[in-house]
Number of protein chains: 2
Amino acid sequence: MSLAHALLTSLLEQPSSGYELARRFDKSIGHFWQATHQQIYRELGRMEKAGWIRSDADPDAGRTRKRSYGVLPAGRDELMRWAAEAAPLPELRDEFMVRLRADAVVGPLGLLPELERRRALHADKLRAYRAIEARDFPADAEATRQRRIHHLILKAGIQYEQGWVAWCDEAMRELGRA
Amino acid sequence: MSLAHALLTSLLEQPSSGYELARRFDKSIGHFWQATHQQIYRELGRMEKAGWIRSDADPDAGRTRKRSYGVLPAGRDELMRWAAEAAPLPELRDEFMVRLRADAVVGPLGLLPELERRRALHADKLRAYRAIEARDFPADAEATRQRRIHHLILKAGIQYEQGWVAWCDEAMRELGRA
DNA sequence: CGCGACCATGCAACGCGTTGCATAGTGGGC
DNA sequence: GCCCACTATGCAACGCGTTGCATGGTCGCG
């Protein structure tokens with residue numbers, strides 16, 4: 001049930017509506033935990049029932065259906081309880097490796113273009129992460145605990161994409177000389 | 001529907017029973033595509049209905065319930081058709097990053113031990129992959145196309161675990177001096 | 001004034017993956 | 001001779017994540 005806890009975290013950072021959460025997930029948290037607006041609305045409903053969050057009609061009442069959510073003490077407690085739990089490592093799970101293995105067993109399937117496509121996608125993400133890093137974590141900035149942690153998370157993404165770009169390069173060399 | 005195609009690949013490499021597939025998934029293919037025996041039996045049933053594979057009672061008939069599966073031409077065609085498709089990049093999806101972010105917003109939650117645990121788990125996997133590499137891909141071995149591809153897949157795992165070990169080290173330094 | 005883009009929430013249904021349990025035969029160890 | 005571990009397959013149920021669709025309001029543009 002990480003989604004609930006990701007939402008609690010996001011709501012603690014900034015109380016918001018389901019819609020705003022959905023958009024924020026597309027940016028910061030979405031880099032390592034994705035969710036659609038459907039999941040988010042459904043989960044917010046459950047969390048409210050559980051007494052972890054409460055909602056109130058937005059200030060611009062009447063005009064829109066917008067509702068804003070805030071974390072209740074019980075929600076904060078739950079988040080702290082959960083954060084201390086041990087969790088299994090996320091498993092590597094990649095269709096493309098299945099394709100490669102299929103290529104190995106049924107003969108050349110022309111995977112080079114797909115490999116190039118993947119390389120480009122990873123390189124795009126890497127560039128985007130680096131841009132965020134340059135903007136949000138300049139060398140001379142004051143490093144609070146919070147900022148250092150956020151930077152650490154970003155570096156995980158950078159490391160991840162960088163690794164894949166490097167692997168794609170190697171794989172292209174290997175597949176190329178087939 | 002990658003599971004079906006992973007099974008087709010595995011069955012082309014070596015016709016087998018559901019049980020054997022389940023065990024093989026724990027080793028080779030399972031490194032990048034996991035499946036429980038439940039999923040496998042269910043999927044084999046569907047694939048047989050679809051005419052991609054056929055089963056026959058095992059030679060030691062009568063004694064056990066064992067059934068062996070083999071890929072039919074339609075299954076082979078389907079695998080080749082699928083392998084050429086474009087696929088979205090697998091997304092990074094990691095609970096621990098949510099925990100870190102929670103730590104940043106509700107104060108120190110004592111994540112260092114968990115970080116050490118993760119580092120050890122990644123290092124274990126890395127060591128296991130390196131052992132497989134030393135055993136199956138010695139420098140002097142003949143490099144067929146198939147072997148080069150299998151090595152490439154293994155290197156993806158090595159690269160992946162290596163990256164996480166390095167990141168854990170950095171994260172431990174950062175969290176340590178808090 | 002109408003239309004398209006965006007804000008904002010939600011229902012219904014499906015599928016993959018997970019969990020718990022059931023069944024039954026076989027082979028080895030104490 | 002009994003118990004345990006392993007081989008081998010399967011049912012039932014649940015939950016998360018996905019997809020397609022529906023609804024209705026606001027705001028800017030031509």
Side-chain angles (χ1 to χ4, degrees), chain A residues 1-8 10-11 15-27 29-30 32-50 53 55-69 82 87-95 98, chain B residues 1-7 11 15-27 29-30 32-50 53 55-69 82 87-95 98:
Chain A
M1 268 223 303
S2 296
L3 177 54
H5 301 93
L7 291 172
L8 286 172
S10 198
L11 286 176
S16 15
S17 67
Y19 188 82
E20 284 161 355
L21 281 168
R23 274 185 316 172
R24 295 230 305 274
F25 261 67
D26 288 341
K27 295 176 205 158
I29 293 196
F32 51 87
W33 200 270
Q34 302 80 41
T36 63
H37 77 274
Q38 277 308 327
Q39 279 174 273
I40 290 170
Y41 284 124
R42 191 202 281 167
E43 198 64 35
L44 285 173
R46 286 176 195 159
M47 289 161 72
E48 191 169 17
K49 235 181 248 173
I53 56 175
S55 70
D56 48 88
D58 209 65
D60 1 302
R63 324 271 311 292
T64 68
R65 287 196 285 169
K66 187 172 174 179
R67 273 180 304 135
S68 245
Y69 290 92
W82 170 84
L89 289 186
E91 305 264 13
L92 181 52
R93 195 178 182 83
D94 191 340
E95 281 196 32
V98 181
Chain B
M1 272 224 300
S2 296
L3 177 53
H5 300 94
L7 291 173
L11 285 176
S16 16
S17 68
Y19 188 80
E20 285 162 353
L21 282 168
R23 276 186 314 174
R24 295 230 306 274
F25 260 67
D26 288 343
K27 296 177 202 156
I29 293 198
F32 51 87
W33 199 268
Q34 303 80 41
T36 63
H37 77 274
Q38 277 309 326
Q39 279 174 272
I40 290 171
Y41 285 124
R42 191 201 280 166
E43 198 63 34
L44 285 173
R46 286 176 195 159
M47 288 160 73
E48 191 169 15
K49 234 180 249 173
I53 57 175
S55 70
D56 47 89
D58 209 64
D60 0 303
R63 323 271 312 290
T64 68
R65 287 196 285 169
K66 187 171 172 179
R67 274 181 301 135
S68 246
Y69 290 91
W82 170 83
L89 289 185
E91 304 265 11
L92 181 52
R93 195 177 182 84
D94 191 341
E95 281 197 30
V98 181

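Per chain, numbering begins at 1; letters A, B, ... match sequence-line order.
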According to the salt bridge (Lys or Arg N to Asp or Glu O under 4.0 Å) rule, which pairs have a member within residues 37-46 of chain A, sequence neighbours left out?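 Salt bridge (Lys or Arg N to Asp or Glu O under 4.0 Å) check on residues 37-46 of chain A returns A:Glu43-A:Arg46.
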
Any [X] side-chain nitrogen or oxygen under 4.0 Å from OP1 or OP2 of [N]:
{"X": "B:Ser17", "N": "D:dT9", "value": "yes"}
{"X": "A:Tyr19", "N": "C:dT9", "value": "no"}
{"X": "B:Gln39", "N": "C:dC16", "value": "no"}

The helix from C:dC1-D:dG30 to C:dC30-D:dG1: angle between its terminal axes, five pairs each, to 10°?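 End axes: 10° apart.
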
Short N/O separations, protein against nucleotides 21-23 of chain C, under 3.5 angstrom:
residue, atom, partner, partner atom, Å
C:dT23, O2, B:Arg65, NH2, 3.2

Length of the line joining [X]:[atom1] and [N]:[atom2], which is rounded to integer Å:
{"X": "B:Lys66", "N": "D:dC6", "atom1": "NZ", "atom2": "P", "result": "17 Å"}
{"X": "B:Leu44", "N": "C:dG17", "atom1": "CG", "atom2": "P", "result": "14 Å"}
{"X": "B:Trp33", "N": "C:dC16", "atom1": "CH2", "atom2": "C1'", "result": "10 Å"}
{"X": "B:Ile40", "N": "C:dT18", "atom1": "CD1", "atom2": "P", "result": "11 Å"}
{"X": "A:Glu20", "N": "C:dC6", "atom1": "CD", "atom2": "P", "result": "17 Å"}
{"X": "A:Tyr41", "N": "D:dT18", "atom1": "OH", "atom2": "P", "result": "16 Å"}
{"X": "B:Arg67", "N": "D:dT7", "atom1": "CZ", "atom2": "P", "result": "19 Å"}
{"X": "B:Leu21", "N": "D:dT9", "atom1": "CG", "atom2": "P", "result": "9 Å"}

Can you tell me how far [atom2] of [Y] sits from [atom1] of [X], rounded to the nearest 0.5 angstrom?
{"X": "B:Lys66", "Y": "B:Ser55", "atom1": "NZ", "atom2": "OG", "value": "13.0 Å"}
{"X": "B:Glu91", "Y": "A:Trp33", "atom1": "CD", "atom2": "CH2", "value": "12.0 Å"}
{"X": "A:Asp26", "Y": "A:Gln34", "atom1": "CG", "atom2": "CD", "value": "10.0 Å"}
{"X": "B:Leu7", "Y": "B:Leu21", "atom1": "CG", "atom2": "CG", "value": "6.0 Å"}

Name the residue closer to the 5' end of DNA chain D, choosing between B:Gly18 and A:Gln34 according to the nucleotide with the nearest heavy atom.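 The residue mapped nearer the 5' terminus is B:Gly18.
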
For a quick test of reading the model, state the closest non-hydrogen atom pair linking A:Leu44 to A:Tyr69 and the distance between them.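 Where A:Leu44 meets A:Tyr69 most closely, the heavy atoms are CD1-CE1, 3.6 Å.
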
Kindly give the heavy-atom pair with the smallest separation between A:Ser17 and A:Ser68, and that separation in Å.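 That would be N-OG, 4.1 Å.
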
With side-chain contact (heavy atoms from CB on, under 4.5 Å) as the criterion, how do B:Arg93 and A:Arg93 come out once you've worked through the C-alpha distance, each side chain's angles and the decisive distance to 0.1 Å? CA-CA 10 Å; B:Arg93 195 177 182 84; A:Arg93 195 178 182 83; over 6 Å; no

Check nucleotides 13-15 of chain D against the protein and report each pair of N or O atoms closer than 3.5 Å, with its distance, or say if there are none.
residue, atom, partner, partner atom, Å
D:dA13, N6, B:Arg42, NH2, 3.4

Under the side-chain contact (heavy atoms from CB on, under 4.5 Å) test, residues paired with [X] that sit two or more places apart:
{"X": "A:Arg23", "result": "A:Tyr19, A:Glu20"}
{"X": "A:Gln38", "result": "A:Thr36"}
{"X": "B:Ala35", "result": "B:Leu3, B:Phe25, B:Gln39, B:Ile40"}
{"X": "B:Pro15", "result": "none"}

Counting only side-chain heavy atoms from C-beta out, which of D:dA8, C:dG17, C:dA8 sits nearest to B:Arg23?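 Between D:dA8, C:dG17, C:dA8, the one nearest the side chain of B:Arg23 would be D:dA8.
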
